[in-house]
K.L.:
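First, the structure itself, so that you have it in front of you.
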Amino acid sequence: ILDISGKTARVIKFATDITSQKKLSLETTRVVDDLVVGLSALEAGDLTVQLTKQYEFGFSKLRDSFNNTTLTLIKILNEVKTNADALVNAAEEVSSTAGTLSQGASEQAASVEETTASLEEMGASIDQNAENAKQTDTIATKSAKEAKQGGDAVKKTVQAMKEIADKISIIEDIAYQ
């Protein structure tokens with residue numbers, strides 16, 4: 001304050017209480033430091049990290065949000081792992097089924113080859129029987145009877161081969177799907 005002549009007569013000091021601002025600043029620093037520690041742990045793969053300190057000035061909401069986020073991440077990762085395991089199991093089952101079908105088709109093909117060889121042998125046997133039939137009348141009658149039975153067997157075998165071939169075709173169609 002100035003006197004009449006304009007010289008300083010008195011000085012008045014004005015001050016503001018900044019105690020609450022200082023507390024807020026310190027609390028903010030503490031919360032940020034704790035969040036940095038927690039986020040660093042998350043970055044390193046530690047999903048078990050939780051902020052446990054009590055905070056003032058509404059920072060408890062931030063702590064709760066951080067903790068809930070880590071719990072949600074754990075749930076999501078567990079679901080992803082469960083789904084990945086299920087997918088691996090399904091792929092293994094498909095692979096196993098494909099292998100079984102392939103093996104079955106191979107076995108059927110081998111069976112058809114064996115049947116074909118048997119038919120060729122039967123044909124040769126029938127030819128031999130016909131030759132022997134010319135030699136004697138008794139043998140001829142017997143051979144003719146056996147030839148007729150052999151012919152019926154061949155017809156049944158051919159019919160069975162056709163059925164087997166149809167089944168193999170179905171199995172191959174399934175295997176290629």
Side-chain angles (χ1 to χ4, degrees), residues 1-118 156-177:
I1 299 183
L2 302 175
D3 63 9
I4 309 181
S5 64
K7 292 188 180 181
T8 305
R10 285 190 223 163
V11 176
I12 299 176
K13 290 186 178 180
F14 288 99
T16 304
D17 184 9
I18 61 167
T19 304
S20 63
Q21 291 174 343
K22 183 66 176 171
K23 284 182 180 179
L24 177 60
S25 175
L26 291 172
E27 188 69 357
T28 302
T29 301
R30 187 170 76 108
V31 168
V32 168
D33 289 345
D34 289 348
L35 281 173
V36 167
V37 169
L39 290 172
S40 294
L42 285 176
E43 180 183 22
D46 181 6
L47 298 179
T48 62
V49 66
Q50 294 282 299
L51 301 180
T52 57
K53 294 179 183 175
Q54 296 300 319
Y55 300 114
E56 297 179 19
F57 302 105
F59 287 120
S60 293
K61 290 180 183 178
L62 184 60
R63 176 204 59 218
D64 294 343
S65 179
F66 177 87
N67 291 342
N68 290 335
T69 300
T70 59
L71 294 175
T72 301
L73 282 173
I74 290 170
K75 287 178 188 175
I76 290 170
L77 289 175
N78 284 336
E79 288 175 12
V80 167
K81 183 184 181 309
T82 299
N83 291 336
D85 289 344
L87 185 60
V88 166
N89 289 337
E92 288 173 354
E93 287 180 25
V94 167
S95 177
S96 174
T97 301
T100 301
L101 287 173
S102 175
Q103 180 182 357
S106 296
E107 289 173 2
Q108 288 294 329
S111 176
V112 167
E113 287 180 22
E114 289 176 12
T115 302
T116 301
S118 294
K156 289 179 182 176
T157 302
V158 168
Q159 181 63 34
M161 283 178 53
K162 287 180 182 177
E163 292 175 9
I164 290 170
D166 290 341
K167 290 177 183 178
I168 289 172
S169 176
I170 291 170
I171 291 170
E172 287 176 346
D173 287 346
I174 292 171
Y176 287 121
Q177 291 177 5

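Position 1 is the first residue of the sequence; numbering continues from there.
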K.L.:
Less than 4.5 Å apart, any side-chain heavy atom of Met161 and any of Thr116?
P.N.:
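A side-chain contact under 4.5 Å exists here.
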
K.L.:
Go through the structure and list residues passing side chain to side chain contact (heavy atoms under 4.5 Å, CB included) with Glu93, not counting sequence neighbours.
P.N.:
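Partners of Glu93 by the side chain to side chain contact (heavy atoms under 4.5 Å, CB included) criterion come out as none, since no residue qualifies.
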
K.L.:
Would a 4.5 Å heavy-atom cut-off, applied to side chains only, mark Thr28 and Phe57 as touching?
P.N.:
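The answer is no; the side chains never approach within 4.5 Å.
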
K.L.:
List in chain and number order the residues that pass side chain to side chain contact (heavy atoms under 4.5 Å, CB included) with Ile74, two or more places apart in sequence or in another chain; answer none if no residue qualifies.
P.N.:
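Applying side chain to side chain contact (heavy atoms under 4.5 Å, CB included) to Ile74 gives Leu47, Asn78.
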
K.L.:
As an exercise, state the distance from OG1 of Thr157 to NZ of Lys162, rounded to the nearest 0.5 Å.
P.N.:
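It comes to 12.0 Å.
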
K.L.:
If you look only at distance, which donor and acceptor atoms sit under 3.5 Å apart when one is on a side chain in residues 106-115 and the other is two or more places apart or in another chain?
P.N.:
residue : atom : partner : partner atom : Å
Ser106  : OG   : Ser102  : O            : 3.1
Glu107  : OE2  : Gln103  : NE2          : 3.1
Thr115  : OG1  : Ser111  : O            : 2.8

K.L.:
Once rounded to the nearest 0.5 Å, what's the spacing between atom OG1 of Thr19 and atom CD of Gln21?
P.N.:
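Between Thr19 OG1 and Gln21 CD, I get 9.0 Å after rounding to 0.5 Å.
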
K.L.:
Output all residues satisfying side chain to side chain donor-acceptor pair (under 3.5 Å) with Lys81, sequence neighbours left out; order by chain, then residue number.
P.N.:
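If we apply the side chain to side chain donor-acceptor pair (under 3.5 Å) test to Lys81, skipping adjacent residues, the hits are Asp85.
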
K.L.:
In chain order, what residues pass the side chain to side chain contact (heavy atoms under 4.5 Å, CB included) check against Ala41, with sequence neighbours excluded?
P.N.:
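By the side chain to side chain contact (heavy atoms under 4.5 Å, CB included) rule, Ala41 matches Asp46, Val49.
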
K.L.:
Can you measure from OG1 (Thr8) to CZ (Arg10) and round to the nearest 0.5 angstrom?
P.N.:
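The distance works out to 12.5 Å.
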
K.L.:
CG of Asn67 to OG1 of Thr52: how many Å apart, nearest 0.5 Å?
P.N.:
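Taking CG in Asn67 and OG1 in Thr52, the distance rounds to 8.0 Å.
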
K.L.:
When rounded to the nearest 0.5 angstrom, what is the spacing between CZ in Phe66 and CG in Leu51?
P.N.:
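That separation rounds to 4.5 Å.
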
K.L.:
Report the distance from atom CG of Asn89 to atom CG of Leu87, rounding to the nearest 0.5 Å.
P.N.:
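Atom-to-atom, Asn89:CG and Leu87:CG are 9.0 Å apart.
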
K.L.:
Do the non-hydrogen side-chain atoms of Gln159 and Glu163 ever get within less than 4.5 Å of each other?
P.N.:
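Counting from C-beta outward, Gln159 and Glu163 do come under 4.5 Å.
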
K.L.:
Passes side chain to side chain donor-acceptor pair (under 3.5 Å), Ser60 versus Gln54? Steps please.
P.N.:
CA-CA 7 Å; Ser60 293; Gln54 296 300 319; 4.5 Å; no

K.L.:
Only pairs under 3.5 Å count here: list side-chain donor-acceptor contacts from residues 32-40, not counting sequence neighbours, and write none if there are none.
P.N.:
residue : atom : partner : partner atom : Å
Asp34   : OD1  : Lys53   : NZ           : 3.3
Asp34   : OD2  : Tyr55   : OH           : 2.4
Ser40   : OG   : Val36   : O            : 2.8

K.L.:
More than 12 non-hydrogen atoms from neighbouring residues, nucleotides or ligands closer than 6.0 Å to CD1 on Ile18, yes or no?
P.N.:
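12 or below, so no.
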
K.L.:
Between Ser65 and Lys61 (side chain of the first, backbone of the second, donor and acceptor by atom type, cut-off under 3.5 Å), is there such a pair?
P.N.:
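Not a single qualifying donor-acceptor pair exists.
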
